[in-house]
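Structure first, commentary second.
In what follows, chains carry the letters A, B, and so on, assigned in the order in which the sequence lines appear, proteins first and then strands, with residues in each chain numbered from 1. Please read these numbers as outputs of a predicted model, since none were measured by experiment.
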Amino acid sequence: AEKVKDIILATTTSTQDSGLLDVLIPVFEKEAGYVVKTIAVGSGQAMAMGERGEADVLLVHSPEAEEKFLAQGLGINRRLVMHNDFIIVGPAKDPARIKGLKSAPMAFKHISEAKALFLSRGDNSGTHAKEKSLWKLAGIDPSTEKWYQQTGLGMGQTLAVASEKGGYCLTDRATYLALKKNLYLSILLQGDKSLLNIYHVIEVNPARWPKVNSDGAKSFRAFMVSKEAQRIIEGFGKDKFGQPLFFPDAGKREEALGK
Amino acid sequence: MAEPILEAKALEVRRDNSLILDIPHLRVEDKEVLALVGPNGAGKTTLLLTLALLYTPSAGEIKFEGKSISYGKGLINLRRRFAVVFQEPLLFDTSVYENVASGLRVRGIRGRELKQRVFTWLDQFGIAHLAKRAARTLSGGEAQRVTLTRALVLNPNILFMDEPFASLDPPTRERLIRDMERIVHETKITTVFVTHDRSEALQLAHRIGVMHQGRIIQIGSPERVINYPADEVVANFIGIESILPGRVMVFNHETFLVDVQGKKIEVAGEAQVGDEVFLCIRPEEVTLLGSGLASLPSSARNTFPGRVIQIGFIGPYCKVTLDCGFPLVAYITKKSLGILHLDIGREVVASFKATAIHVIRK
Amino acid sequence: MAEPILEAKALEVRRDNSLILDIPHLRVEDKEVLALVGPNGAGKTTLLLTLALLYTPSAGEIKFEGKSISYGKGLINLRRRFAVVFQEPLLFDTSVYENVASGLRVRGIRGRELKQRVFTWLDQFGIAHLAKRAARTLSGGEAQRVTLTRALVLNPNILFMDEPFASLDPPTRERLIRDMERIVHETKITTVFVTHDRSEALQLAHRIGVMHQGRIIQIGSPERVINYPADEVVANFIGIESILPGRVMVFNHETFLVDVQGKKIEVAGEAQVGDEVFLCIRPEEVTLLGSGLASLPSSARNTFPGRVIQIGFIGPYCKVTLDCGFPLVAYITKKSLGILHLDIGREVVASFKATAIHVIRK
Amino acid sequence: MDLILEGIKKAFWLLIHMDNEVMRITLLSLKVSGLATFISLALGIPLGTVLALSRFPGRGIIISLVNTSMGLPPVVVGLFVTIMLWRGGPLAVLHLLYTPSAMVIAQTIIAAPIITGLSLAAIQQLDPKLLLQIKALGASRLQMGWFLLREARLPLLAAMMAGFGGVISEIGASIMVGGNILGHTRVLTTATVMETSKGNFDTAIALGLLLLLLAYSINFTLTIIQQREAFYGRAHFRG
Amino acid sequence: MDLILEGIKKAFWLLIHMDNEVMRITLLSLKVSGLATFISLALGIPLGTVLALSRFPGRGIIISLVNTSMGLPPVVVGLFVTIMLWRGGPLAVLHLLYTPSAMVIAQTIIAAPIITGLSLAAIQQLDPKLLLQIKALGASRLQMGWFLLREARLPLLAAMMAGFGGVISEIGASIMVGGNILGHTRVLTTATVMETSKGNFDTAIALGLLLLLLAYSINFTLTIIQQREAFYGRAHFRG
Ligand SMILES: Nc1ncnc2c1ncn2[C@@H]1O[C@H](COP(=O)(O)OP(=O)(O)OP(=O)(O)O)[C@@H](O)[C@H]1O
Ligand SMILES: Nc1ncnc2c1ncn2[C@@H]1O[C@H](COP(=O)(O)OP(=O)(O)OP(=O)(O)O)[C@@H](O)[C@H]1O
Ligand SMILES: [Mg+2]
Ligand SMILES: [Mg+2]
């Protein structure tokens with residue numbers, strides 16, 4: 001059969017907005033001879049596209065949802081690609097006094113006690129999923145609270161809203177760094193193991209969706225965990241931000257991260 | 001009897017539930033010129049545009065060359081054999097040339113032929129120098145000429161015109177009417193036109209149809225319509241100035257006496273005593289005499305002293321309105337005006353012959 | 001001399017670089033009725049609308065009650081003392097009532113007064129029954145009456161009208177002209193109006209201004225303009241039908257002979273031999289005689305045999321056009337038509353007096 | 001296709017249950033876009049009329065600016081308004097960012113040129129002699145405007161619908177200056193986008209349909225008015 | 001404010017250097033929206049004319065649907081077209097998703113009702129007697145349309161500008177059906193949004209300005225045509 005040239009990659013906006021894919025994709029296209037159509041959407045939408053076989057391969061960061069996805073037999077060959085981390089940012093005044101705390105759930109508790117404004121993405125993205133799991137750990141259900149506001153927007157815009165309103169926010173580091181200069185927000189908590197942001201690549205199961213370009217998906221998955229790609233990931237962002245935005249993790253075990 | 005080119009049967013046009021046109025039967029003969037006259041709102045425009053297949057009648061049928069019209073597809077081909085001049089100029093917002101060319105373009109005529117035909121007719125109407133002008137900048141009369149040109153350039157089988165000469169200046173108007181007379185009679189275009197101008201109708205038409213309240217109340221040759229108006233509306237409209245309502249008092253041999261506001265007028269003809277009638281007296285039949293001359297013997301059976309209440313001018317003549325107990329109008333020359341020293345308020349004697357009165361029975 | 005209500009000085013209006021109006025000086029006296037006549041495209045509408053302060057002149061000034069107009073803010077207050085009837089109806093796309101009310105509403109008149117004034121005038125023009133109708137559905141003449149009503153309801157100081165009676169049926173027209181005469185003379189509204197109808201101008205106007213190519217070529221009382229047309233355009237326009245170009249041959253006491261296409265016409269008056277002249281001969285001054293009667297003695301100095309080439313009708317009269325070597329028009333009664341057995345091609349004799357000819361020098 | 005059917009079902013469900021949240025979102029959409037349209041009409045119609053009637057140097061440039069602005073990208077407008085209203089921006093004191101007012105401002109910037117440009121064309125389309133007639137009646141500038149609007153009411157209603165349609169359906173600016181904050185600035189379009197990015201395609205479709213329904217009921221009313229006007233005396237020009 | 005200044009600077013820089021990528025994006029914007037506008041004109045003007053002139057049952061409903069659709073939310077259109085073109089959708093065989101063609105389709109769905117609705121109003125605005133005059137000249141339906149378009153050219157040009165403006169500036173549908181794929185379907189609006197979310201506000205503003213410039217130059221040309229037509233014989237109705 002003729003080789004299908006197009007691969008539809010559904011991914012989170014963070015990988016595209018950080019510019020990482022702009023570097024990786026051309027390399028892959030040149031090597032493998034595929035054309036990648038990157039559809040940058042929320043993790044939720046990305047998974048939904050996968051669920052319906054409207055994407056060939058996913059690059060996402062929502063581990064719980066991913067596991068469910070695999071369990072339902074919708075995806076195969078899930079591979080760890082890289083991670084970076086989430087941070088909690090907020091106004092420099094820090095009304096809930098979370099600076100110096102070590103645990104993210106603890107910080108969330110403080111915020112809820114102080115009834116300090118918290119901005120949530122509220123869009124089923126990876127970040128939103130992480131935030132929800134943290135609230136759960138903290139034993140709080142903020143969804144009906146007045147100080148808890150959901151934007152339903154992407155990371156960048158949620159940060160912008162948090163900045164304007166002087167609220168706290170959970171964000172991935174890459175987006176924060178990219179937007180930092182226009183934000184009135186400081187990093188108030190980082191480094192907690194529970195704040196890891198882990199990216200996996202998943203092939204959409206061709207057994208479920210015969211129209212899926214499984215060769216292309218396989219090839220892309222293989223590329224993402226290849227030495228070359230991992231090297232590019234490692235170096236990405238150093239020139240611009242003075243620190244890497246992502247840490248390559250191919251071949252590692254998930255539990256081993258952050259240690 | 002030859003086939004009429006257009007024939008309407010039981011034609012009705014309704015607007016907002018009122019019947020504005022009701023024509024039981026109308027024939028337009030081939031090559032005839034039919035004038036429609038009548039008061040404002042009589043339905044002349046409506047009839048014209050219905051005959052031109054532009055309004056769809058609410059009921060009835062129209063036959064063209066003996067074939068009944070169906071208001072479907074083929075209409076365009078018929079319409080292309082017609083040309084219509086509307087009451088308003090309705091020019092397109094483009095140049096004069098394009099306006100005149102538009103009907104020809106619609107018929108697929110292009111290039112040299114188009115240009116030549118357009119200019120021939122622009123010349124005919126004296127507006128060739130306006131060819132490039134934006135139609136919006138024309139004066140009223142210029143616009144009127146453009147619409148006439150736009151219709152005649154089409155060389156139609158039937159020409160429909162709605163007050164075509166209304167805003168033209170008199171010399172142009174006369175010239176155009178003369179030209180139209182020539183064109184219509186030479187090329188024998190069947191023509192139906194609406195006019196408010198009696199002399200226009202008299203000059204051009206073979207038949208005149210008088211309309212009133214959506215009906216044709218009289219139709220016939222100009223002579224017939226003028227001399228035997230069917231009722232007071234026609235009489236009034238066709239221009240007999242004095243229409244006097246009265247009642248027949250005495251019938252006596254070949255004349256009878258009619259009581260008009262207390263005065264007795266002698267009329268030639270037959271009538272029943274008690275009849276309600278209208279007497280129509282043509283102004284040109286009324287002679288005016290200085291008041292001293294009233295007792296002289298004369299063949300005029302009716303002589304009434306009266307007072308001048310108004311003097312007006314109709315073209316080169318004077319129109320003198322008298323009060324003789326009833327209103328009476330006379331046309332006289334300016335010379336007579338001088339000789340009789342006529343002036344508002346002056347007493348004169350009016351006389352007219354019993355044979356000069358047309359009687360309409362109510 | 002009293003202050004004129006409107007005065008124009010060195011007025012010029014240009015369009016696309018051509019001068020379409022050029023009025024060195026014009027006075028409109030208070031309470032006078034001024035008629036503007038002239039061929040299509042003469043600039044009548046342009047002058048009317050410029051005087052009504054609707055067109056801004058390219059040069060010159062207009063004074064209203066002695067004060068020079070500045071085309072700035074205050075114009076509205078002046079315009080509210082005017083009313084204008086345009087050549088086209090230009091009705092608003094709303095009801096007849098609203099159309100008539102619009103000018104009053106603009107002036108802040110509301111409620112009972114508004115309604116009462118509107119209906120008074122609707123009645124006056126015989127269209128009260130149309131009050132609720134959509135203006136778009138009116139017939140041509142009905143629309144014309146609405147515009148007249150819309151203007152007159154304003155009770156203006158100056159009334160400007162552009163062919164106001166053009167599309168009215170003759171009886172209505174006569175009635176309206178009569179009413180207008182009464183209104184204008186009773187209320188003494190200064191009126192400037194454009195018309196193509198001579199009798200309308202004669203009947204209503206105190207003065208007639210004849211326009212041609214953007215200029216007023218003659219202005220004066222109706223009698224003056226008719227009897228002493230300033231040039232052939234005026235003569236032609238004002239309706240003298242025979243205008244004969246010729247050259248003065250012999251001057252002899254109080255008459256002279258003019259060579260017109262080889263025929264010699266005797267004219268009363270003085271002239272230089274060799275002068276190029278136009279002879280204007282009124283049709284009503286031309287008498288027709290059966291050809292046998294040509295040699296009878298008569299006070300008519302000019303007698304020419306001729307052939308009838310056209311017979312037409314002007315109102316109740318016959319217009320007979322002759323070829324006597326030159327064209328000549330005569331108005332005769334229908335009775336005479338019968339007596340003389342006139343018909344196209346028939347030989348007759350035309351005679352007219354030397355004193356009846358008006359001479360225009362080229 | 002099944003998704004669309006599901007969406008329609010869901011839309012019915014939403015309509016029937018009409019929970020507080022959906023209600024609030026719908027009302028806010030209506031309020032914000034309605035107000036923006038209203039302000040745009042108040043600005044755009046007079047401006048369009050003036051541009052149609054007066055002649056002054058630079059008029060052509062203004063007209064082409066207005067016409068161009070009929071296509072102002074909502075995102076650009078959103079970005080611009082955001083920058084203006086930011087804490088660091090010149091209008092920071094107003095504290096309007098992420099409020100419905102900011103959305104009204106942005107939507108007005110979008111709708112006003114549409115209404116201006118279309119009014120301009122509508123008025124220019126009228127017979128110039130009608131202007132003279134109106135002047136001759138002694139109308140002031142304001143009254144003249146009123147007459148012209150009455151004459152041009154059909155295209156003006158269309159302009160109004162185009163303007164309203166443009167903003168009620170707009171997303172780029174609303175999301176940027178409003179922030180899609182639940183219970184504050186979330187409107188139907190931003191909610192639709194959010195549900196889409198959540199992968200809840202059926203809810204997204206349902207919200208979209210709700211939006212359409214809303215727009216339909218408003219424009220249906222306007223259309224009825226417009227077409228009643230159009231019929232007024234023209235019904236018989238058929239055949 | 002400084003951001004806007006930077007944006008303007010950057011825009012100049014982009015314009016002067018006009019690297020391949022920006023060039024390509026700009027051209028694609030133009031092509032996609034131009035084509036969509038063109039198709040919308042081809043569909044919308046005849047449809048608007050027919051709706052204006054004919055009378056048939058259901059016409060009122062169609063008109064209100066058209067008028068409503070002047071406000072079709074691009075996101076909803078995008079979602080709908082996406083679902084249609086999906087692999088699992090009914091039009092999957094066309095393989096159009098994430099291609100410029102898909103964008104043209106979506107934008108046509110957005111622009112066509114705008115142009116239809118405005119054409120409808122423009123034609124209805126004409127003097128109905130003019131229709132009779134055109135018929136009287138023997139015009140076929142097609143020729144009649146042509147005459148009417150010539151008479152209504154001013155508002156039709158405005159309609160065209162509104163339609164083009166609507167789609168060139170639209171984002172919701174383009175991003176959804178196009179996918180903002182570099183070198184394939186990235187257009188000025190999607191690029192602007194992306195740059196905004198990347199935090200590159202200056203580039204975003206620069207792209208926004210580029211978009212404005214593009215729209216301006218096109219609508220400027222159309223405005224010149226429009227106003228030349230408007231002046232044609234009307235210049236003197238002043239004062
Ligand atoms: N833009 C223009 N360019 C050149 N000539 C123009 C322009 N606008 C008007 N005119 C001319 O000015 C002349 C005067 O027009 P106006 O309307 O005043 O004539 P009018 O005397 O009222 O004629 P009518 O009896 O036909 O109504 C006309 O010949 C007209 O063609
Ligand atoms: N929609 C309508 N509802 C009621 N009457 C109408 C409607 N449309 C037209 N009419 C009436 O029909 C009558 C006939 O109109 P038409 O235009 O045929 O008159 P006309 O004889 O041409 O008059 P004019 O000499 O004034 O032009 C008019 O009285 C008009 O008011
Ligand atoms: Mg009529
Ligand atoms: Mg005129």
Side-chain angles (χ1 to χ4, degrees), chain B residues 15-16 37-46 87-89 126 130 133-134 137-142 144-145 162-163 166-174 177-178 181 194 196-199 202-203 222 236-241 282-284 310 312-317 319 331 333-335, chain C residues 15-16 37-46 87-89 126 130 133-134 137-142 144-145 162-163 166-174 177-178 194 196-199 202-203 222 226 236-241 282-284 310 312-317 319 331 333-335:
Chain B
R15 295 274 182 269
D16 299 340
V37 302
N40 291 135
K44 303 180 295 298
T45 300
T46 310
Q87 199 166 1
E88 298 126 275
L130 297 175
R133 271 271 285 291
T137 67
L138 296 177
S139 80
E142 288 164 346
Q144 187 62 33
R145 293 189 216 181
D162 201 346
E163 300 190 37
S167 47
L168 302 179
D169 62 61
T172 306
R173 181 183 189 135
E174 277 211 22
I177 292 175
R178 222 156 37 225
E181 206 179 343
V194 173
H196 283 309
D197 188 302
R198 290 162 209 162
S199 68
L202 294 171
Q203 201 163 342
N236 205 337
F237 193 78
I238 218 64
I240 291 165
E241 301 286 351
R282 276 162 217 282
E284 61 265 49
Q310 202 184 35
F313 295 90
I314 298 292
Y317 293 91
K319 173 180 156 192
Y331 286 169
T333 61
K334 284 185 190 143
K335 215 178 261 168
Chain C
R15 294 275 182 270
D16 299 339
V37 301
N40 292 134
K44 303 180 296 297
T45 300
T46 311
Q87 199 167 359
E88 299 126 274
L130 298 175
R133 272 272 283 290
T137 68
L138 297 177
S139 79
E142 289 165 345
Q144 186 62 33
R145 293 189 215 182
D162 201 346
E163 301 189 37
S167 45
L168 303 179
D169 62 63
T172 306
R173 183 183 188 136
E174 277 211 23
I177 293 176
R178 224 158 34 225
V194 173
H196 283 309
D197 187 303
R198 290 162 212 164
S199 67
L202 292 172
Q203 201 164 340
I226 290 184
N236 205 337
F237 192 79
I238 219 65
I240 292 165
E241 300 286 352
R282 274 163 216 284
E284 62 264 48
Q310 202 184 33
F313 296 88
I314 298 291
Y317 292 93
K319 174 180 154 193
Y331 285 168
T333 61
K334 285 186 188 142
K335 213 178 263 167

> Which bit of Glu88(C) comes within less than 4.5 Å of chain B, counting heavy atoms only: side chain, backbone, both or neither?
Replying inline: neither
>> Counting only non-hydrogen atoms closer than 4.5 Å, does Arg145(C) touch chain B with its backbone (N, CA, C, O), its side chain (CB onward), both, or neither?
In response: side chain
> chain B heavy atoms under 4.5 Å from Gln144(C): which part of the residue, side chain, backbone, both or neither?
Replying inline: neither
>> I need the Thr172(C) OG1 to His196(B) NE2 distance, nearest 0.5 Å.
In response: 8.0 Å
>> Using a 4.5 angstrom heavy-atom cutoff, name the option from Pro39(C), Gly38(C), Pro89(C) with the most pairs to chain B.
In response: Pro39(C)
>> Out of Pro171(B), Pro170(B), Gly43(B), Ala42(B), return the one with the most heavy atom pairs under 4.5 angstrom to chain C.
In response: Pro170(B)
>> Does any backbone or side-chain atom of Ser167(C) lie under 4.5 Å from a heavy atom of chain B? Answer side chain, backbone, both or neither.
In response: both
>> Restricting to non-hydrogen atoms, name the atom on Gly41(C) and the atom on Ser139(B) that form the minimum distance, rounded to 0.1 Å.
In response: N-OG, 3.4 Å
> If every non-hydrogen atom of Asn40(B) is compared with every non-hydrogen atom of Glu142(C), which pair is closest and at what distance?
Replying inline: CB-N, 4.3 Å
